[in-house]
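What follows is a short report on a single structure.
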2 protein chains.
Amino acid sequence: MISNSAQFELMSEFRAKCKKHNLKMTPQRVTIYQELVKAKDHPGCEDIFERVHKKFPDISLDTVYRTLSTFADIGVINQVEGYGEAKRYDPNTGRHHHLRCLKCNSIVDFQDTTFNNLRIPKSVEKSFVVNNIKVILEGLCKECAKK
Amino acid sequence: MISNSAQFELMSEFRAKCKKHNLKMTPQRVTIYQELVKAKDHPGCEDIFERVHKKFPDISLDTVYRTLSTFADIGVINQVEGYGEAKRYDPNTGRHHHLRCLKCNSIVDFQDTTFNNLRIPKSVEKSFVVNNIKVILEGLCKECAKK
DNA sequence: TATTATATAAGAATTATTCTTAATTGCAAG
DNA sequence: CTTGCAATTAAGAATAATTCTTATATAATA
């Protein structure tokens, strides 16, 4: 549950960030944002569309796609795994970790002892059977960092 | 570079795992597997299709999709981020981590101090600008674990 | 070598996402 | 409070990614 005051604060931050990025406050944007904040299930575009559609029958699916993507760009929300891209595969089944470039989408393997030896938190063990731990460092590869 | 003997061993393991899962050794499967082992770029189905197609002009795209998916199911290769699924979003922009159920695709947030404080390896810093560290525990949620 | 369950190619179908265009609307300036 | 315009939207077409259907071919086993 989110308290009323927390909800209010979230909304002000949202408005501030939109203003900062010259995004107009449209009812579609407000509704989509509020609907996502309510969600506990890391929904997809179609999910949000269905929920928003009840209160806002004229909204188009395209607007939901565009709006969520814009929100993620300016950092008011985050995209989570999967990323809506094509499937990709790795022949290396041994323990290793990934650097993922957010710009060119390259994925590079790396090794790290600390990451190899992470322990599963006790609290998690009670509610989840863990098969594997993935550590993904997201950012920019050397080439993309050069702008 | 993979040595000849390592390559040979990989191939025997591959054959063994296929046999164990009652998968026939077809030339398509062998070629697709070998092509993936050669790849260093975590390729997608289309990528593999293009590479295999040169040596095997009659192979169908569907076979590549099906075969890679089967291989991942029996664990000879792994699927990596993204997962070829629809985009999903998270309104929580604060630091947290995810449990991802491989069966029902649910994603649940969790907190962990150790994971919050992971350090970026020195070796990575030289070649990559890290924006954020993601820790994802993959496995089965309580409901799915009950089978 | 004959049998049979499995795997394949081909193309249709489905799903996810983006693009195009014309109409609409926030919002800043007067 | 009106006006003007750039930003935003709805609608549907277009594209991309993936899966399904079906008839044919083929590994593996007897």
Check whether any side-chain N or O of [X] sits under 4.0 Å from OP1 or OP2 of [N], and answer yes or no.
X: B:T26; N: C:dT8; answer: yes
X: A:Q28; N: D:dA10; answer: yes
X: B:Y65; N: D:dT19; answer: no
X: B:R66; N: D:dT19; answer: no

Return the value, rounded to whole Å, for the distance between atom [atom1] of [X] and atom [atom2] of [N].
X: B:R15; N: D:dA27; atom1: CZ; atom2: P; value: 12 Å
X: B:K19; N: D:dA27; atom1: NZ; atom2: P; value: 15 Å
X: A:F49; N: D:dA10; atom1: CZ; atom2: P; value: 9 Å
X: A:M25; N: C:dA28; atom1: CE; atom2: P; value: 12 Å
X: A:E46; N: C:dT17; atom1: CD; atom2: C1'; value: 11 Å
X: A:L61; N: D:dA13; atom1: CG; atom2: P; value: 15 Å
X: A:I48; N: C:dT17; atom1: CD1; atom2: C1'; value: 16 Å
X: A:F56; N: D:dA11; atom1: CZ; atom2: P; value: 11 Å

Open item on the list: Quick check on DNA chain D: between B:D62 and B:L23, whose nearest nucleotide comes earlier from the 5' end?
Closed with: B:D62
TODO: Check if the side chain of B:K87 and the base of C:dA16 share a donor-acceptor pair of N or O atoms closer than 3.5 Å.
DONE: no
- [ ] With heavy atoms under 4.0 Å as the rule, sort B:R29 into base, sugar-phosphate or nothing.
- [x] sugar-phosphate
Task: Sugar-phosphate, base or nothing in reach of A:D58, heavy atoms under 4.0 Å - done: sugar-phosphate
TODO: Decide if the gap between the ring center of A:F14 and the ring center of A:F71 is smaller than 6.0 angstrom.
DONE: yes
Open item on the list: Surrounding NZ of A:K19 (heavy atoms of other residues, nucleotides or ligands, distance under 6.0 Å), is the total greater than 12?
Closed with: no
Open item on the list: Counting only heavy atoms from other residues, nucleotides and ligands, does the tally under 6.0 Å from CD of B:E9 exceed 12?
Closed with: no
TODO: Report yes if some heavy atom in the side chain of B:F56 is under 4.5 Å from a heavy atom in the side chain of B:I59; otherwise report no.
DONE: yes
Open item on the list: Under a 3.5 Å threshold, yes or no: a donor from one side chain and an acceptor from the other, between B:H98 and A:E81?
Closed with: yes
Task: Given DNA chain C, 5'-ward residue of the pair B:K24 and A:E85, judged by closest heavy atom - done: B:K24
